[in-house]
Amino acid sequence: MKITFYGHNTLLIQINDIQVLVDPFISGNPLSKDKVDIHSIKADYILLTHAHQDHVLDADTIAKNNKATIVSNYEIAMYYQNKGIEVHPMNHGGNWEFEFGKVKYVNAIHTSSFADGTYGGQPGGFVIEGEHKTIYIAGDTALTMDMKLIPLQAKLDLAILPIGDNFTMGIDDAIIASDFVECDKVLGVHYDTFGYIEINHNEAKRKFFEKNKDLMLLEIGESIEL
Ligand code: NI
Ligand code: MN
């Protein structure tokens, strides 16, 4: 499993030669818009955690460019189906075996509405299992006790957690989240994109290190292999 960071919560996950894009927000991200060309992104599936603009802005364009299938909650799936895009609707607690692996849509505490005001259902996260690796993408969320349910069914190799604070968990809560999901290997996302969520990288890494945990912060375009 190869994971490439395109800024904010945008991730390209390659599993079994299938390209799974998560929360594409590139053309509106001041940190990534000049570094990543949305028209060169290849995606077979686009997973959306919730409907906020900083997670779905480029979903429409990239889905149409690639004839990709959008996977999200029912309301978000219907929103894109009405635009003529192929979708796979899910809802909280549900699993589905896709050609690349198994996906579970899990709880998140946040809000979810489209920029035009359309209801975007309840926000979520994803547990993705493929190529004998399992990752958790929390999406935008507060620290929640529901995270304790995840290790009952999945032994995680990586937890992808928001760390920017203000709109989501900050560093201290993300450290507790990593305990709840029983995974000490964390990829931080949802930081630095706007003024509200700027973080001190060294301090964040030190705080994780002091708890014997590893916080990875990738450059835009940088990849890790699991
Ligand atoms: Ni959000
Ligand atoms: Mn967000």
Side-chain angles (χ1 to χ4, degrees), residues 3-13 20-33 35-36 38 41 43 46-63 70-80 89-92 103 105-128 135-144 146-147 159-174 177-178 181 186-199 201 204 215-218 220:
I3 301 167
T4 305
F5 178 63
Y6 284 137
H8 206 52
N9 202 48
T10 309
L11 302 154
L12 183 67
I13 304 167
V20 181
L21 183 67
V22 179
D23 285 0
F25 171 68
I26 294 161
S27 64
N29 179 346
L31 303 182
S32 57
K33 66 176 168 45
K35 294 182 178 163
V36 185
I38 60 167
I41 290 182
I46 301 174
L47 272 52
L48 301 177
T49 60
H50 65 296
H52 284 160
Q53 188 79 334
D54 61 317
H55 296 256
V56 306
L57 181 66
D58 299 314
D60 202 317
T61 306
I62 297 172
I70 289 184
V71 179
S72 191
N73 68 34
Y74 183 79
E75 288 77 9
I76 292 172
M78 290 309 112
Y79 181 89
Y80 287 103
M90 297 186 75
N91 223 324
H92 300 88
V103 174
Y105 191 59
V106 296
N107 297 351
I109 294 188
H110 191 68
T111 55
S112 179
S113 52
F114 285 94
D116 64 7
T118 305
Y119 174 57
Q122 297 294 310
F126 296 101
V127 175
I128 304 171
I135 64 170
Y136 167 51
I137 299 170
D140 283 8
T141 184
L143 176 65
T144 156
D146 287 349
M147 290 169 177
I160 301 177
L161 305 176
I163 55 170
D165 223 330
N166 191 72
F167 297 115
T168 67
M169 297 188 283
I171 302 297
D172 297 331
D173 281 355
S178 123
V181 301
V186 173
L187 173 62
V189 292
H190 214 275
Y191 61 91
D192 286 358
T193 317
F194 341 102
Y196 290 121
I197 59 174
E198 277 169 12
I199 64 159
H201 292 210
L215 174 69
M216 285 175 286
L217 302 177
L218 299 180
I220 288 164

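These numbers come from the heavy atoms of this one structure, side chains and all, not from hydrogens, waters or symmetry mates. In listed order, ligands and their atoms are each counted from 1.
- With Asp192 contributing its side chain and Ile199 its backbone, the two residues share a donor-acceptor pair below 3.5 Å.
- Between the CG atom of Leu187 and the CG atom of Leu218 there is a distance of 5.0 Å, given to the nearest 0.5 Å.
- For the Ni ion (ligand 1), the count of nearby protein N, O or S atoms, meaning those under 2.8 Å away, is 4.
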Practice item. Dump the intermediate steps for side chain to side chain donor-acceptor pair (under 3.5 Å) on Asp140 and His52, then the final yes or no. Key: CA-CA 10 Å; Asp140 283 8; His52 284 160; 4.6 Å; no
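- Proximity of a side-chain donor or acceptor of His92 to a complementary backbone N or O of Pro123 within less than 3.5 Å is detected.
- Exactly one residue among Asp23, Asp54, Leu48 makes a side chain to side chain contact (heavy atoms under 4.5 Å, CB included) with Asn9. That residue is Asp23.
- The NE2 atom of His190 lies 13.5 Å from the CD1 atom of Ile160; values are rounded to the nearest 0.5 Å.
- The distance from the CD atom of Gln53 to the CZ atom of Phe114 is 9.5 Å, given to the nearest 0.5 Å.
- For the Mn ion (ligand 2), protein N, O or S atoms closer than 2.8 Å were enumerated as Asp54 OD2, His55 NE2, Asp140 OD2, His190 NE2, with waters left out.
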Practice item. Show your working on side chain to side chain donor-acceptor pair (under 3.5 Å) between Ser27 and Asp58 and close with a plain yes or no. Key: CA-CA 7 Å; Ser27 64; Asp58 299 314; 2.6 Å; yes
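- The local environment of CZ in Phe194 is crowded, with over 12 non-hydrogen atoms from other residues, nucleotides or ligands closer than 6.0 Å.
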